[in-house]
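Structure, as structure tokens:
The structure presented is a predicted model; accordingly, all values stated were derived computationally and were not measured. Each chain gets a letter, A, B and so on, in the order its sequence line appears, and its residues count up from 1. What's counted below: heavy atoms across the whole structure, side chains too, no hydrogens, waters or symmetry copies.
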Amino acid sequence: MSKKLTSRAEDYSKWYNELVVKADMAENSAVRGCMVIKPYGYAIWEKMQAELDRMFKETGHQNAYFPLLIPKSLFEAEEKNAEGFAKECAVVTHYRLQNDPDNPGKLRVDPEAKLEEELVVRPTSEAIIWNTYKGWIQSYRDLPLLINQWANVVRWEMRTRLFLRTSEFLWQEGHTAHETKAEALKETQTMNNVYATFAENFMAIPVIQGVKTESERFAGAIDTYCIEALMQDGKALQAGTSHFLGQNFAKAFDVKFTNKEGKQEYVWATSWGVSTRLMGALIMTHSDDLGLVLPPNLAPNQVVIVPIYKTDEQFEEITSVVNGIMKDLRAKHITVKFDNRTTHRPGAKFAQHELQGVPLRIAIGPKDLENGTVELARRDTLTKEVVSLNTLTDKVEGLMTEIQDDLYNKALDYRDSHITEVDTFEEFKAVIDGKGGFISAHWDGTIETEDKIKEVTKATIRCIPLDAKEENGKCIFSGSVSNRRVLFAKAY
RNA sequence: CGGGGUGUAGCGUAGCCCGGUUAUCGCGCCACGUUUGGGACGUGGAGGCCGCAGGUUCGAAUCCUGCCACCCCGACCA
């Protein structure tokens, strides 16, 4: 393994691919388009899961689990949704293998074992879930139904990249049923808010909340809300979506309830999800040419301690001091790892923990033993300082929030300085090809214009920001009237 | 799924045009010793059906055919 990472300036996508593998987060597998998430990467995902799960529970949701395989007839019930996913579905057609009579030692699909009805590997679970909800919902008293599931899904992708787009990925999908349109809409917005709060407070990734245009909307939804983040290469990444499904699925699966007046009504629905794609967002928001940079909230180890010693006596002495430090830090709920491997020298350990994004490093050697100090190094700023043992715990505790905040603010500065307002299509093209980032511009609201802009510039409308101001203007492309700006960008 | 590129030890590679002893080099790995405040050094050692399957040939990493995987660029998508 070569020591240095390709730099971002040299080749951004190569930098990303190398970083994911070298930081030991994930690797490609023997299955086309599918990744193995390695323990270090999975530990980060588990931290995301834990916090999201807590937030879902706090907003009244419960977890459940629905099947991986969906009968084709159920899948096709909601037409637009089925159409939207049809091209990327894996399908189970048989249920048995047998020894191949023509190829000893090999197996073949038993032609006698064809399924009467094919099963679709879920690309999303609306179909099986709404088919199930039909049996759970009779009265307004059964509502709202607020369910989430943590699961894997499969979408047969042509081009895959670790975490950003893989054929199988992990996610959570919330599926809720409500009495009224207003309540379902509110749920959609609440969950989009949960995602935005999570991204900003926990992942230190600033996001823009908005609504998707018709062409970017989830198949089967009336409205798709989203959070959009900006990566360091100036491309946007959709980090989460929350869909207002209206009564589309209730009608497709005949899910009615008796309201307070005794009348039958279709329920109102939402669905919302974030996936392991968030790992990609995390990497591309904060990391640098030395490797991963993790916000303390997501770091499997928030602090790593590296001993520097010549003799066994020194090592023992350091170990006993380190044991004290670890006890104090753990009492403050700070996760800390003592890298006491005798097989590696300090420099190698420094490099490895930098590559893996550990927020804080404590180095302690003979000089520190004499002076009652340690060397404290920040991963995000690469700055070092000598800190007295007496003040270490408080200092580290303070740095946890400081680093978290600094990462957010740094990303926010970058993001805000990469939202460019433009009023002519010439400017638009210049910004897209040069500076990159989001472009705030007027749009006439038609799919035709959106398509043409995409054709010419590769940029798409990421969202209509929720906080977009009313403003009279002219569409950047067609010159027709427009009353608010939308955000364009090239996107992942 | 279209266009281009690449597959040689765990990783990165030379050799391939122009077929011919034991397949090159670096990193990593193992053993021993010296080392340890930013990716240590020395000595010795292990590790390859040259992506897979066919074919041409006395002989294939090298030539031909098919397949597979990965990377880049498009179309599609979270």
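- Contacts classified as side chain to side chain donor-acceptor pair (under 3.5 Å) and involving residues 34-44 of chain A (residues at least two apart or in different chains) are given here: Asp24(A)-Lys38(A).
- Of the residues in residues 215-227 of chain A, not one places a heavy atom less than 4.0 Å from an atom of RNA chain B.
- Between the base of G39(B) and the side chain of Gln352(A) there is no donor-acceptor pair shorter than 3.5 Å.
- Evaluation of the side chain to side chain donor-acceptor pair (under 3.5 Å) test over residues 343-354 of chain A, restricted to residues two or more places apart or in two chains, returns Asp339(A)-His353(A), Arg341(A)-Gln352(A), Glu354(A)-Arg361(A).
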Polar-atom pairs under 3.5 Å, protein N or O versus N or O of nucleotides 50-53 of chain B: list them with distances, or write none.
none

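- Within residues 374-389 of chain A, the residues having any heavy atom under 4.0 Å from RNA chain B are, by residue number, Glu375(A), Lys384(A).
- Within a 6.0 Å sphere centred on NZ of Lys435(A), other residues, nucleotides and ligands contribute more than 12 heavy atoms.
- Mapping Phe350(A) and Cys34(A) onto RNA chain B by nearest heavy atom places Phe350(A) at the nucleotide closer to the 5' end.
- Using C1' as the reference atom, G48(B) and G42(B) are 27 Å apart when rounded to the nearest Å.
- Of the two residues contacting RNA chain B, namely Pro366(A) and Glu168(A), the nearest-nucleotide position lying further toward the 5' end is that of Pro366(A).
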message: Counting Watson-Crick and G-U wobble pairs with both distances under 3.5 Å, what is the dot-bracket string for RNA chain B, 5' to 3', using [ ] for crossing pairs and | for pairs to another strand?
response: ((((((((.[[[..)....(....]]].((((((.....)))))).....[[[[[..)....]]]]])))))))....
Side chains of residues 76-84 of chain A: which donor-acceptor pairs under 3.5 Å do they make with residues two or more places apart or in other chains?
from, atom 1, to, atom 2, distance (Å)
Glu78(A), OE1, Lys80(A), N, 3.2
Glu78(A), OE1, Asn81(A), N, 2.8
Asn81(A), ND2, Ala219(A), O, 2.8

Scan nucleotides 72-76 of chain B against the protein and return all N/O pairs shorter than 3.5 Å with their distances rounded to 0.1 Å.
from, atom 1, to, atom 2, distance (Å)
C72(B), OP1, Ser13(A), OG, 3.1
C73(B), OP2, Arg159(A), NH2, 2.8

Which donor-acceptor pairs under 3.5 Å do the side chains of residues 458-468 of chain A make with protein atoms, sequence neighbours left out?
from, atom 1, to, atom 2, distance (Å)
Thr460(A), OG1, Arg462(A), NH1, 2.7
Arg462(A), NE, Glu228(A), OE1, 3.4
Arg462(A), NH1, Glu216(A), OE1, 3.4

Which pairs of donor and acceptor atoms, one on a side chain in residues 304-314 of chain A, lie under 3.5 Å apart (sequence neighbours left out)?
from, atom 1, to, atom 2, distance (Å)
Thr311(A), OG1, Gln314(A), N, 3.1
Gln314(A), OE1, Lys310(A), N, 2.6
Gln314(A), OE1, Thr311(A), N, 3.2

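- Below the 3.5 angstrom threshold, one finds a donor paired with an acceptor across the side chain of Arg361(A) and the base of G38(B).
- A heavy-atom distance below 4.0 Å to RNA chain B is reached by these residues of residues 286-322 of chain A, ordered by number: Ile308(A), Tyr309(A), Lys310(A).
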Listed pairs, N/O of protein and of nucleotides 66-69 of chain B, under 3.5 Å:
from, atom 1, to, atom 2, distance (Å)
A69(B), OP1, Arg32(A), NH1, 2.7
A69(B), OP2, Arg32(A), NH1, 2.9

